[in-house]
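The structure under discussion appears below in the form of structure tokens.
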2 protein chains.
Amino acid sequence: MKIHMLAQKTGLNPPTIRYYEKEGLLDRRHVERRDNNYREYTEEAVEHLLLIKRVQAAGFTIREIKVILKEEDENKLELSQAIEFLRKKMKEMDHRKRELEQSQSLLARMLDNKLALLEKKGTSENKPLP
Amino acid sequence: MKIHMLAQKTGLNPPTIRYYEKEGLLDRRHVERRDNNYREYTEEAVEHLLLIKRVQAAGFTIREIKVILKEEDENKLELSQAIEFLRKKMKEMDHRKRELEQSQSLLARMLDNKLALLEKKGTSENKPLP
DNA sequence: ATAAACTATAAAGTATACTTGAAGGTCAAG
DNA sequence: CTTGACCTTCAAGTATACTTTATAGTTTAT
């Protein structure tokens, strides 16, 4: 499929996809060139980009994603490094999750405070959401 | 206390603290000027900055933090807006948490795969972490 | 009293992750 | 065979969140 189609299927736009390729996030499993120099994408590319979106939303940088998603070259040293990296990242994600939870309860308290304030200021027009 | 002290207590550095002030994240509750034009920080500033760090780690931008942490001006309209904003953000955080969890199980699978690969390639020198 | 350490401002620089713009090649339809 | 919708590359622009640099005033220690 061509870049426009892939863009539609992934919710990204063409320049972003080209940018990801330039940054090394796509390889021969996902894209090749046709005679006219147009990029031709595989179905695998769709999954790959959706995965990138998810991992990125979880707080990874593009360079980090590149490290964890790159095609395994079966090199033992790099494999060990990738494993170490993944372990480290899992810990970081635990940490981030805890921070997220703490911030969430913080926001909940702030929300309560503000709701109480609103109550106090104008009881009549106060309409809490259903 | 002066900026250097606050920096030590919060793990930020002075330029960052000045930057936050410039961006409107600190107000009269946290900082004032002395005769020599030096900033004088309150103890409240320490808590405030630590809170900013936490909320930021949870994925908020500085502008968003500014909105949720700014001193309540007791204006009903802004209050309602802040409440709406907080509700929206809580939902976003739920979403981010789910994505984090999904990414985590994804990474766990990848880790398993890589560990299996490592097994296959060289059983002798393979030392899984304790 | 003078050097070292700390403070101030303003402006420029950096990194990340894109987005936009310019200038041109390709292709399908009328 | 040209128009319009795509495709290409490369360079420059944007937003966020700082960091660094330059220049200068203030305080503290010897």
Side-chain angles (χ1 to χ4, degrees), chain A residues 1-26 30-42 45 48-70 85 89 92 96 99 103, chain B residues 1-26 28 30-42 45-46 48-70 85 89 92 96 99 103:
Chain A
M1 88 191 79
K2 281 185 288 182
I3 200 163
H4 196 70
M5 188 78 256
L6 180 63
Q8 270 187 300
K9 288 193 180 181
T10 58
L12 298 168
N13 47 40
T16 303
I17 296 174
R18 293 193 194 100
Y19 168 72
Y20 284 170
E21 182 182 342
K22 195 176 141 228
E23 294 302 312
L25 266 58
L26 304 177
H30 319 109
V31 61
E32 54 181 32
R33 293 308 181 106
R34 299 199 311 201
D35 290 349
N36 54 14
N37 197 32
Y38 285 15
R39 288 170 179 85
E40 179 66 31
Y41 294 96
T42 63
H48 191 70
L49 286 176
L50 291 175
L51 193 146
I52 287 170
K53 278 182 86 175
R54 167 160 299 163
V55 174
Q56 198 184 22
F60 285 78
T61 67
I62 279 180
R63 286 199 185 171
E64 289 173 334
I65 295 171
K66 187 178 162 185
V67 172
I68 62 170
L69 294 190
K70 75 155 173 266
F85 183 75
K89 284 296 148 185
E92 276 180 27
R96 196 142 52 218
E99 266 169 336
S103 293
Chain B
M1 86 191 76
K2 281 186 288 181
I3 200 162
H4 195 70
M5 188 77 255
L6 180 63
Q8 270 187 302
K9 288 193 180 182
T10 58
L12 298 168
N13 47 40
T16 303
I17 296 174
R18 293 192 194 101
Y19 168 72
Y20 284 170
E21 182 182 343
K22 196 175 140 226
E23 294 302 312
L25 265 59
L26 304 178
R28 55 193 164 298
H30 319 109
V31 62
E32 55 180 31
R33 294 306 180 108
R34 299 198 313 202
D35 289 350
N36 54 13
N37 198 34
Y38 284 15
R39 288 170 179 85
E40 180 66 31
Y41 293 97
T42 63
V46 180
H48 191 70
L49 286 175
L50 290 176
L51 193 146
I52 286 170
K53 278 182 86 175
R54 166 161 300 164
V55 174
Q56 199 184 23
F60 286 76
T61 68
I62 279 180
R63 287 201 183 168
E64 289 173 334
I65 294 171
K66 187 178 162 185
V67 172
I68 62 171
L69 295 189
K70 75 155 173 262
F85 182 74
K89 284 297 147 188
E92 275 179 28
R96 196 142 51 218
E99 265 169 336
S103 292

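None of the values given here were measured: they were computed from a predicted structure.
Distances shown here put every side-chain N or O of Arg39(B) at or beyond 4.0 Å from the OP1 or OP2 atom of dT7(C). Between Tyr20(B) and dC18(D) there is a side-chain polar atom (N or O) within less than 4.0 angstrom of OP1 or OP2. For the pair Thr16(B) and dA17(D), the criterion of a side-chain N or O lying under 4.0 Å from OP1 or OP2 is not met.
Between Lys2(B) and Pro15(B), the residue anchored nearer the 5' end of DNA chain D, judged by the nucleotide with its closest heavy atom, is Pro15(B). Position along DNA chain D of the nearest nucleotide to Arg34(B) versus Thr61(B) favours Thr61(B) as the more 5'-ward residue.
Judged by distance alone, with hydrogens and angles left aside, the side-chain atoms of Arg34(B) form no donor-acceptor pair with the main-chain N or O of Tyr38(B) at under 3.5 Å.
Distance CZ (Phe60(A)) to P (dT16(C)): 16 Å, rounded to an integer number of Å. dC6(C) atom P lies 14 Å from atom CD1 of Ile17(B), rounded to whole Å.
Distance from the side chain of Tyr19(A) is smallest to dC18(C) among dT8(D), dC6(C), dC18(C). Which of dT8(D), dA17(C), dT26(C) sits closest to the side chain of Asn36(A) comes down to dT26(C). Of the candidate nucleotides dT9(D), dA17(C), dT9(C), dT9(C) has the atom nearest to the side chain of Arg18(B). With dT9(D), dT26(D), dG25(C) as the choices, the nucleotide that has an atom nearest any side-chain atom of Tyr38(B) turns out to be dT26(D). Of the listed nucleotides (dC7(D), dT19(D), dT8(D)), dT8(D) has the atom at the smallest distance from the side chain of Asn37(A).
Both cation-pi conditions hold for Lys89(B) and Phe60(B): the charged atom is under 6.0 angstrom from the six-membered ring centre and inside a 45 degree cone around its axis.
As judged by a 4.0 angstrom heavy-atom cut-off over every strand, Arg63(A) is placed among residues touching the sugar-phosphate backbone only. At the heavy-atom level, Arg33(A) lies under 4.0 Å from the strands shown only through sugar-phosphate atoms. As judged by a 4.0 angstrom heavy-atom cut-off over every strand, Gln56(A) is placed among residues touching the sugar-phosphate backbone only.
Other residues, nucleotides and ligands contribute at most 12 non-hydrogen atoms within 6.0 Å of the CZ atom of Arg54(A).
One distance of note links CD1 of Ile65(A) with CD of Glu23(A); it measures 11.5 Å at 0.5 Å rounding.
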